[in-house]
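Okay, structure first, notes after.
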Number of protein chains: 2
Amino acid sequence: MENTNRRETLMRAAARLMRENGYPGTSMRDLATAMDIEAASLYHYVDSKEDILKEICFGMGRSYLNAMAEVNDIYFNAGERLGMAVRAHIRILTENLDASHVFVHEWRHLSEPSLAAFKKLRDDYENHFRIILRNGEEEGLFNEVDNKFAVLTILASLNWVVEWYRPNGDMTPEQIADKLTQFILSGLRKDIQA
Amino acid sequence: MENTNRRETLMRAAARLMRENGYPGTSMRDLATAMDIEAASLYHYVDSKEDILKEICFGMGRSYLNAMAEVNDIYFNAGERLGMAVRAHIRILTENLDASHVFVHEWRHLSEPSLAAFKKLRDDYENHFRIILRNGEEEGLFNEVDNKFAVLTILASLNWVVEWYRPNGDMTPEQIADKLTQFILSGLRKDIQA
DNA sequence: TACTTGCACTAACGAATGTTAGTTAAGCGC
DNA sequence: GCGCTTAACTAACATTCGTTAGTGCAAGTA
């Protein structure tokens, strides 16, 4: 645990600090203090402050996107795929709470061209959800909805979990995912259970 | 328009900057530049940087809370009250986009005791929603749900609007509120329309 | 006319910022 | 033991930060 890749420890500490204080509110000296080294020593692991932000944002982005690719690879109906996507999203989010917070909120401090690349990555991810919704309509499972609007609202519910989830709280990530899925699906499904 | 209360113009400029760059990422000199005066001159209107944050956060907090008090004053069933609350929330949010963004995201940079006071204010607001949901259950309109969880998820959808709403976009605030209400209600309502 | 007030200015303070340069000590393969 | 790499250090850089002190001027008021 102590001998893990030190660079990774640094990234984790950075994510925690940036989650707490925001990217501009986190100084290299803060981070150094957390790592128990001098600020200058950070540059042994990292090229710049923004590099840290890049690595966290794009690293998490890849995680989310990979999980989604797996979901959409398997053949299931749209309802099941939506549930799987939600479960995967919540799993990754709760497993990397700090980094996910940075992914959701601090990416805007990226500078070009990383900023544009990041936005594209986010769009790709959202698109996967849009496809699931469209398939659901085609399959007659979901009401016809404004896809763009619906995806934004769904992702809002998912990402907001980052604001209140606490490990050791009274809901497991799986329970959260299931409740969210139920909440979302009952708002989409045409047929209803009594 | 030019002769409006200058202090208010300052607050609006501050909200815009803090929305774009975050609270720690917004310097008094940035704000001064936006106001076309020197940084020191800001202190003619304001005691400190944090004062600005306080005013924005608590000002918006009062707006949201007042609107909610009006909603809950009138007697309607829970479904109607929920719709009214959503409409009020979205109206205030879209009318004060920048300040609402600060209200939603930057309050954590408040220091004690303001921080605690702000959290209490937020809790009060959330409680009003919780009451509506509980009433809805009692009236037999809503499924029995985990109220705390449901309110968080609902507010997530509402507050996320701050991330994507653009005036001059193709949805009016009223349309957004209606769609959100529909989305939320269909996930809560026991009886369903074909 | 004399006094006050509102709103801006210049100059500067000490502290904090991201980053660079150069150094040092420990550990490892030859 | 020699040379190289790793991981830390000290010292310092130019800049920016929030904020204070003191000043000037124009408009309004007595």
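Below, chains carry the letters A, B, ... as their sequence lines are ordered, and counting in each starts from 1.
By the 6.0 Å and 45° rule, A/K49 stacks over the aromatic ring of A/Y23.
Heavy-atom distances under 4.0 Å link DNA chain C to B/R29, B/I37, B/E38, B/A40, B/S41, B/H44, B/Y45 of residues 25-47 of chain B, given in residue order.
Residues B/E137 and B/V145 meet the side-chain proximity criterion, which asks for heavy atoms closer than 4.5 Å.
Each of A/I56, A/L17, A/I52 was compared with A/V102 under the side chain to side chain contact (heavy atoms under 4.5 Å, CB included) criterion, and only A/I56 meets it.
Checked for salt-bridge contact, A/K119 and A/E112 miss the test: no charged N lies under 4.0 Å from a carboxylate O.
Counting only distance, with no hydrogens or angles, the side chain of A/N96 and the backbone of A/I92 share a donor-acceptor pair below 3.5 Å. Between the B/R29 side chain and the B/A39 main chain, no donor and acceptor come within less than 3.5 Å of each other.
Between A/F103 and A/F118, the gap from one ring centroid to the other is short of 6.0 Å.
What separates CG of A/D51 from P of C/dT20 is a distance of 11 Å, to the nearest Å.
When DNA chain D is scanned 5' to 3' for any atom under 4.0 Å from a heavy atom of chain B, the first and last hits are D/dC17 to D/dA21.
For the pair A/I184 and A/I154, the tightest heavy-atom approach, listed with the atom from each and the gap, is CD1-CG2, 3.6 Å.
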